[in-house]
Number of protein chains: 2
Amino acid sequence: MDKSRVLAALAALAHETRLDLVRLLVGVAPEGLAQGEIARRLSVTASGLAFHLAQLEQAGLVRARRQSRHVFYAADTACIGAVLGYVLRDCCQSHPEVSDCCRRTAEGRGAPGDKRGSPPGSQT
Amino acid sequence: MDKSRVLAALAALAHETRLDLVRLLVGVAPEGLAQGEIARRLSVTASGLAFHLAQLEQAGLVRARRQSRHVFYAADTACIGAVLGYVLRDCCQSHPEVSDCCRRTAEGRGAPGDKRGSPPGSQT
DNA sequence: TCAACGATTCACGAGTAGTTGAGATATGGA
DNA sequence: TCCATATCTCAACTACTCGTGAATCGTTGA
C-alpha cells in the first residue's frame with residue numbers, strides 16, 4: 001500500500017456515486033452484485049456505472065468477476081481497510097486524537113467534546 | 001459529520017500536496033505552522049499553498065488562526081478522525097474485515113493473508 | 001508615512017473528471 | 001442463425017481542478 005495507491009483510492013471514494021457504490025458493495029461482500037443489478041439499485045445509467053466501477057476497480061477498491069454473461073463486482077474489504085489504516089498511520093502518524101475520534105465515530109459514539117458542530121463554510 | 005462533508009474531506013485528501021500538508025500539520029498539532037514556514041518546508045509556491053490550504057480548511061481538515069502578521073494553520077485531528085470513522089461505519093457498515101485491516105495497517109502489522117501485493121492496473 | 005514582509009486574490013491556460021447517448025461486443029436461449 | 005440481454009467502449013461536451021505569476025491587501029516596525 002503505497003502513497004499513489006492511497007491517493008487513487010481517496011480520489012475514487014471522493015464522489016457521491018462511488019461512495020454509494022462502495023456502501024452497496026460492502027453490504028453484499030464478498031459475493032458482490034452484477035452490474036445490471038447495481039444500476040437498478042442505484043438508478044444510474046449503464047455507461048455511467050461502468051465508468052465509476054472502472055475507477056473503483058483501478059483504485060483496487062472493488063474486484064470484478066465474470067460469471068456467464070454477468071460481471072459481478074465485489075468490494076475489496078481488505079484494500080478499503082488498508083487505505084484507511086494508511087491514512088491513520090502514515091499521514092496522521094497514529095496521532096492519538098485522530099485514532100480516538102476515528103474509533104469513537106466508527107462505534108457510533110461521536111466525539112465527547114465536539115466543539116465543531118458545524119464546519120466553517122459548509123453550512124447552507 | 002454528514003455525507004457532503006465526508007466527500008469534501010476525501011476530495012481534499014486525494015491530492016499529493018494536500019496529503020503532505022496534512023501529514024506535516026498533524027505532526028505539529030495542535031500548534032500548527034505559519035503559511036510561510038509550510039511553504040518553505042514543502043517547497044511549494046505561496047499562491048499554490050494558499051489554494052490547497054483553503055481547500056483543506058473548507059473541508060474542515062485544518063483550521064487557521066491569525067497571529068499578528070502570520071496565519072497559523074493547524075490540523076483538525078478530531079475532524080480527520082471523524083471522517084475516517086464515518087467511512088468505516090457508514091460506508092463500510094463496520095464490516096469486520098475492513099475494520100480489521102484498518103487496525104492492522106494502522107498498527108504497522110499489515111494484513112496477514114495479503115493476497116494482493118500489487119493492485120490490478122496501478123503498478124508502474 | 002513609508003517600506004518590508006506575509007498572505008490573499010485574480011486571471012489565464014492546461015489538464016482531467018463526469019455525464020450522456022450511440023454503437024459495438026459477448027453471452028445464452030429459442 | 002436470430003434475438004434479447006448484459007456489458008463495454010467511444011466521442012463529444014461541460015464543468016471543474018490545478019499550477020503559475022502578477023497584483024493587491026493587511027500588518028509591523030522604523
Side-chain angles (χ1 to χ4, degrees), chain A residues 3-22 24-25 28 31-74 120-122, chain B residues 3-22 24-25 28 31-74 120-122:
Chain A
K3 194 179 185 180
S4 64
R5 281 193 64 188
V6 172
L7 286 171
L10 290 171
L13 288 174
H15 189 277
E16 184 162 18
T17 303
R18 292 194 292 261
L19 206 57
D20 290 341
L21 271 170
V22 168
L24 175 62
L25 292 179
V28 297
E31 288 76 20
L33 283 177
Q35 196 165 303
E37 177 63 21
I38 299 173
R40 262 187 298 280
R41 294 208 195 180
L42 295 187
S43 303
V44 293
T45 63
S47 61
L49 180 62
F51 172 77
H52 289 302
L53 283 173
Q55 303 275 105
L56 287 171
E57 193 185 5
Q58 189 151 20
L61 298 176
V62 307
R63 278 185 284 184
R65 160 176 51 93
R66 173 147 236 133
Q67 195 163 314
S68 93
R69 78 168 68 179
H70 300 271
V71 176
F72 283 78
Y73 282 88
S122 81
Chain B
K3 194 178 184 180
S4 63
R5 280 193 66 188
V6 172
L7 286 172
L10 290 172
L13 288 174
H15 190 277
E16 184 163 19
T17 302
R18 292 194 293 261
L19 207 56
D20 289 341
L21 271 171
V22 169
L24 175 62
L25 292 178
V28 297
E31 287 77 21
L33 283 178
Q35 196 165 303
E37 177 62 20
I38 299 173
R40 265 187 296 280
R41 293 208 196 181
L42 295 186
S43 302
V44 294
T45 63
S47 61
L49 180 62
F51 171 76
H52 290 301
L53 283 173
Q55 301 276 104
L56 287 171
E57 193 184 7
Q58 188 151 23
L61 299 176
V62 307
R63 278 185 286 185
R65 161 175 52 95
R66 173 149 234 130
Q67 195 164 316
S68 90
R69 79 169 67 176
H70 300 271
V71 177
F72 282 79
Y73 282 88
S122 81

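All values below come from the heavy atoms of this structure, side chains included, with hydrogens, waters and symmetry mates left out.
Distance check, rounded to the nearest 0.5 Å: CG of A:L24 to OG1 of A:T17 gives 12.0 Å. In this structure, the separation between CG on B:L21 and CD on B:Q55 is 11.0 Å, given to the nearest 0.5 Å. To the nearest 0.5 Å, the span separating CG on B:L7 from NZ on B:K3 amounts to 6.5 Å. In this structure, B:R18 CZ and B:L49 CG are separated by 11.5 Å, a value rounded to the nearest 0.5 Å.
Across all strands, B:F72 comes closer than 4.0 Å to no nucleic acid atom at all (heavy-atom distances). Contact annotation for A:A54: no contact, since no heavy-atom pair falls under 4.0 Å across all strands.
Between B:Y73 and C:dT8, a side-chain N or O to OP1/OP2 separation shorter than 4.0 Å is present.
Qualifying side chain to side chain contact (heavy atoms under 4.5 Å, CB included) partners for A:A34, counting only residues two or more places apart in sequence or in other chains: A:H70, A:F72.
In terms of heavy-atom proximity, B:Y73 sits nearest to B:L25 at O-CD2, 3.3 Å. Pairing each heavy atom of A:A9 with each of A:L61, the nearest pair is O-CD1, 3.8 Å.
Note on A:D20 versus A:R41: no salt bridge recorded, every NZ/NE/NH1/NH2 to OD/OE distance being 4.0 Å or above.
On the nucleic acid side, DNA chain D has its first and last nucleotide under 4.0 Å of a heavy atom of chain B at D:dC18 to D:dT28, going 5' to 3'.
Between the CD atom of B:Q35 and the P atom of C:dC5 there is a distance of 17 Å, rounded to whole Å.
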Footprint string (nucleotides 17-30 of chain C, 5' to 3'): B base within contact, S backbone only, - free, heavy atoms under 4.0 Å = -BBBB-----BB--

